Number of protein chains: 2
Amino acid sequence: MTRIDDVARLAGVSTATVSRALRGLPTVSAATRHRVLAAAEQLDYEVSPSASRLAGGRTGTVAVVVPRITRWFFSTVVEAVEEYLHQSGYDLLLYNLGGREQVRQRVLRTANLHKRVDAMMLVATPLRPADMTALATLELPGVTISSGSRVPNWPCVRIDDVAAARAATKHLIDLGHHRIAHISGDPDDELAFTTHLDRRRGYQAALRSAGVRPDPTLDIESTFTIDGGNRATAELLARGEPPTAIVAACDEMAMGAMTALRDVGLRVPQDVSVVGIDDHDLAGVLGLSTVAQPAAEQGRLAAQMLLDPLGARPAGPIVSQRGAGCDTPVVLPTRLVVRDSTAPPRAH
Amino acid sequence: MTRIDDVARLAGVSTATVSRALRGLPTVSAATRHRVLAAAEQLDYEVSPSASRLAGGRTGTVAVVVPRITRWFFSTVVEAVEEYLHQSGYDLLLYNLGGREQVRQRVLRTANLHKRVDAMMLVATPLRPADMTALATLELPGVTISSGSRVPNWPCVRIDDVAAARAATKHLIDLGHHRIAHISGDPDDELAFTTHLDRRRGYQAALRSAGVRPDPTLDIESTFTIDGGNRATAELLARGEPPTAIVAACDEMAMGAMTALRDVGLRVPQDVSVVGIDDHDLAGVLGLSTVAQPAAEQGRLAAQMLLDPLGARPAGPIVSQRGAGCDTPVVLPTRLVVRDSTAPPRAH
DNA sequence: CTGAAAGCGCTTACAG
DNA sequence: CTGAAAGCGCTTACAG
């Protein structure tokens with residue numbers, strides 16, 4: 001395979017100059033740069049990442065950690081991040097936790113990660129508070145998406161989960177509902193995954209604003225999945241008289257809820273209204289009312305905030321994004337989208 | 001950061017021995033190995049991938065190329081592949097084509113990829129025939145998933161697309177349908193993406209077996225997405241009398257079809273039956289009848305076929321998987337799943 | 001079974 | 001603006 005000295009020989013310069021010219025460093029004359037580029041082109045030369053990384057101390061790689069790539073939010077984020085990283089010249093190392101404790105450990109093998117990537121992005125990754133502190137002491141630049149995981153000194157992009165759930169609940173209240181249930185996720189409170197807690201707070205706040213006292217028997221813990229929504233709703237129905245409406249903490253739970261309701265012969269929205277949070281690709285197909293959150297935008301913005309201080313191309317000195325502004329999350333707006341799954345309650 | 005000579009010093013051996021012990025090479029005495037592992041543990045040592053790759057000539061990395069990570073099939077495949085790769089000690093470099101020609105070019109910058117990864121997996125990646133031949137001449141081991149992209153001498157894992165579409169269509173015929181439409185994808189025939197062609201063949205074969213002549217006005221080209229199914233169905237309905245049933249080439253298209261039908265007031269399945277192919281996570285929620293294909297299994301199996309000849313850990317000589325058996329795809333079974341979106345046609 | 005030494009292919013001070 | 005030389009941190013023949 002062609003090496004840098006092949007290019008140097010053809011261009012009649014030293015390897016140092018080839019290295020500089022190819023990376024676009026300013027200390028190369030236009031004429032020399034031109035000759036080097038032509039030689040590299042002619043030989044179809046590509047730099048060896050391993051050698052470049054070893055010599056330069058930079059990997060040109062970013063680790064992106066998601067809980068489950070199969071869920072709408074995460075695949076949408078990753079798609080946007082992949083585009084931004086690759087067009088900035090970075091490689092994307094994917095870590096899908098898949099709920100496996102073993103993998104969580106792997107991500108926290110900090111010495112390992114540190115030698116592998118220049119920076120890392122944590123997307124709604126449930127970590128113990130101690131883990132987050134450990135990450136913060138790393139020399140590794142990082143960024144988080146969602147309030148679920150918050151590492152000190154790393155910038156954070158997210159939505160206002162309290163406000164999103166409040167808007168969903170208020171929509172139902174405005175339609176005339178009072179018996180409003182809430183299904184949410186992740187009962188494993190050993191992990192500091194706060195998204196579901198924030199959304200519950202929003203739900204309760206909206207109820208209280210309307211003078212309705214939150215009823216604990218209408219509030220079910222489950223997981224942020226279709227199946228989780230299904231099971232939560234089944235349990236809800238087993239507890240007695242059904243609510244007239246359900247706020248699901250995410251669209252996938254809402255979809256599970258719709259299935260569970262249908263299975264017992266309850267119609268949406270005639271018998272029970274359902275609203276979610278996300279605006280999943282399929283929310284439109286299902287006619288699901290929801291509070292939309294900008295997933296791709298969160299990914300793109302987080303990637304940008306991560307890479308900007310590193311320099312667009314993997315070259316130049318690494319500057320950790322620390323200090324000013326890092327502890328103030330960037331909060332992107334959400335928006336209520338009314339479709340067919342919500343309607344006024346039936347008159348008794 | 002700790003380096004290999006720190007470990008060597010602590011264990012009282014040479015760096016060569018540390019290297020061998022840590023990689024589990026057999027030529028190390030048990031006592032020495034034990035001392036080395038203890039020292040590495042004590043120092044929290046992790047090998048430098050860049051140095052190891054440069055010296056060893058292996059990257060321990062696999063490129064996984066998908067058209068769109070946000071689609072059900074691809075995220076499901078990637079999840080399974082990620083698990084297999086990581087537990088085998090490999091890193092996963094994600095390439096999401098996203099329909100961008102520019103990115104396709106990037107994947108085919110073979111010199112670039114070659115220095116970056118030990119092997120690559122192409123998942124239903126549309127490539128020109130010339131591109132596939134180019135990949136085949138690389139020294140890079142590879143594997144493809146789906147009949148969509150077929151690289152000579154690379155193993156391939158897929159389903160029988162003809163049979164899947166035939167089963168879907170036959171299900172409708174068995175219910176009594178005759179006016180059966182077909183919506184399928186990817187009209188860009190510059191790319192050798194054969195999945196939609198195979199599925200069309202299966203549709204037509206089933207019709208012919210039942211003595212029905214395929215009607216070209218009932219066969220619409222679009223894209224393999226929700227929106228594609230939506231548009232195809234809208235066009236179908238604009239052409240005149242609706243069919244009594246629709247075969248969609250994938251579940252996402254079927255979901256788009258359901259929306260389009262609902263939008264004009266046609267009920268599924270009372271007015272029009274709809275069947276898909278995939279068994280998407282949400283097929284159950286939507287009550288969509290479909291022909292299920294094992295996405296995760298295809299991913300896991302392809303990863304296994306790719307890595308087995310490389311050795312479980314990224315160590316030992318690279319052996320290209322060539323010759324015997326590579327030109328015979330591994331075909332995984334599909335299975336009809338009947339739900340609520342299909343029913344006999346209404347009596348006129 | 002183990003070690004000394006070369007070498008993997010770059011980048012980076014340093015000197016000019 | 002350019003080059004000679006050292007060095008990044010490993011692995012791999014080679015020799016014993």
Side-chain angles (χ1 to χ4, degrees), chain A residues 1-9 11-37 39-40 43 45-61 111-112 114-116 118 311 313-318, chain B residues 1-37 39-40 43 45-61 89 111-112 114-116 118 311 313-318:
Chain A
M1 225 156 338
T2 346
R3 293 168 320 175
I4 197 170
D5 30 315
D6 298 320
V7 180
R9 207 171 305 116
V13 295
S14 71
T15 59
T17 298
V18 173
S19 174
R20 295 186 188 107
L22 256 29
R23 283 177 298 147
L25 298 193
T27 62
V28 179
S29 76
T32 305
R33 179 188 313 284
H34 191 265
R35 252 184 311 139
V36 169
L37 292 180
L43 296 174
Y45 170 74
E46 296 274 353
V47 70
S48 157
S50 309
S52 171
R53 287 165 191 186
L54 179 58
R58 309 193 54 183
T59 64
T61 306
N112 182 298
H114 199 297
K115 291 179 171 174
R116 211 168 283 275
D118 290 339
R313 293 263 133 195
I318 304 185
Chain B
M1 225 157 337
T2 346
R3 293 169 319 176
I4 197 171
D5 30 313
D6 298 320
V7 180
R9 207 171 306 115
L10 182 59
V13 295
S14 70
T15 60
T17 298
V18 173
S19 174
R20 294 187 189 107
L22 256 29
R23 283 177 297 147
L25 299 193
T27 63
V28 179
S29 76
T32 306
R33 179 187 314 283
H34 192 265
R35 254 184 309 141
V36 169
L37 292 180
L43 297 174
Y45 170 74
E46 297 274 352
V47 71
S48 156
S50 310
S52 172
R53 286 164 192 187
L54 179 58
R58 309 192 55 183
T59 65
T61 305
N112 181 300
H114 199 296
K115 290 178 171 172
R116 212 168 283 275
D118 290 339
R313 290 264 133 196
I318 304 185

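Keep in mind the model is a prediction, meaning the values are calculated, not measured. Within every chain, numbering begins at 1; the chains are lettered A, B, ... in the order of the sequence lines, protein sequences first and strands thereafter.
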Handout entry: Min side-chain heavy-atom separation B:Arg53-A:Arg53 under 4.5 Å
Key =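 In short, these two side chains touch, coming nearer than 4.5 Å.
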Handout entry: Pairwise side-chain contact, B:Lys115 with A:Met1, heavy-atom cut-off 4.5 Å (strictly under)
Key = yes
Exercise for the section: Take B:Thr61 and B:Arg116, measure what side-chain contact (heavy atoms from CB on, under 4.5 Å) needs, and give me the verdict at the end. Expected result: CA-CA 7 Å; B:Thr61 305; B:Arg116 212 168 283 275; over 6 Å; no
Any side-chain N or O of [X] under 4.0 Å from OP1/OP2 of [N]?
| X | N | value |
| --- | --- | --- |
| B:Ser19 | D:dT11 | yes |
| B:Thr17 | C:dT2 | no |
| B:Ser48 | D:dC8 | no |
| B:Ser52 | D:dT11 | yes |
| A:Arg23 | C:dT12 | yes |
| A:Ser29 | D:dT2 | yes |
| A:Tyr45 | C:dG9 | no |
| B:Thr32 | C:dT2 | yes |

Given atom [atom1] of [X] and atom [atom2] of [N], what is their separation to the nearest angstrom?
| X | N | atom1 | atom2 | value |
| --- | --- | --- | --- | --- |
| B:Lys115 | C:dC10 | NZ | C1' | 10 Å |
| A:Leu22 | C:dT11 | CG | C1' | 13 Å |
| B:Ile4 | D:dC8 | CD1 | P | 14 Å |
| A:Arg3 | C:dC8 | CZ | C1' | 9 Å |
| B:Leu54 | C:dG9 | CG | C1' | 5 Å |
| A:Arg58 | C:dT12 | CZ | P | 9 Å |
| B:Asp5 | D:dC10 | CG | C1' | 10 Å |
| A:Leu43 | C:dG9 | CG | P | 15 Å |

Exercise for the section: Scan side-chain atoms only and decide if B:Asp5 and B:Thr15 contain a donor-acceptor pair under the 3.5 Å cut-off. Expected result: no
Handout entry: No-hydrogen, no-angle side-chain donor-acceptor test under 3.5 Å, A:Ser29 and A:Arg33
Key =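 The answer is no; no qualifying pair exists.
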Exercise for the section: Please determine, for D:dA4, whether a Watson-Crick or G-U wobble partner exists with both distances under 3.5 Å, and give it or none. Expected result: none
Handout entry: Watson-Crick or G-U counterpart of C:dA13, or none if no pair lies under 3.5 Å
Key = none
Exercise for the section: Tell whether A:Arg20 reaches the base of D:dG3 with its side chain through a donor-acceptor pair below 3.5 angstrom. Expected result: yes
Practice task
Can you measure from CZ (B:Arg35) to OG1 (B:Thr32) and round to the nearest 0.5 angstrom?
Solution key: 5.0 Å
Practice task
Tell me which of A:Thr15 and A:Thr27 sits closer to the 5' end of DNA chain D, going by the nucleotide each one is nearest to.
Solution key: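 First, find each residue's nearest nucleotide; the 5'-ward one identifies A:Thr27.
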Exercise for the section: Hey, which sits more toward the 5' end of DNA chain C by its nearest nucleotide, A:Ala16 or B:Ser14? Expected result: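 Closer to the 5' end of DNA chain C: B:Ser14.
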Practice task
Could you tell me whether B:Pro26 contacts a base, only the sugar-phosphate backbone, or nothing, with contacts defined as non-hydrogen atoms closer than 4.0 Å?
Solution key: sugar-phosphate
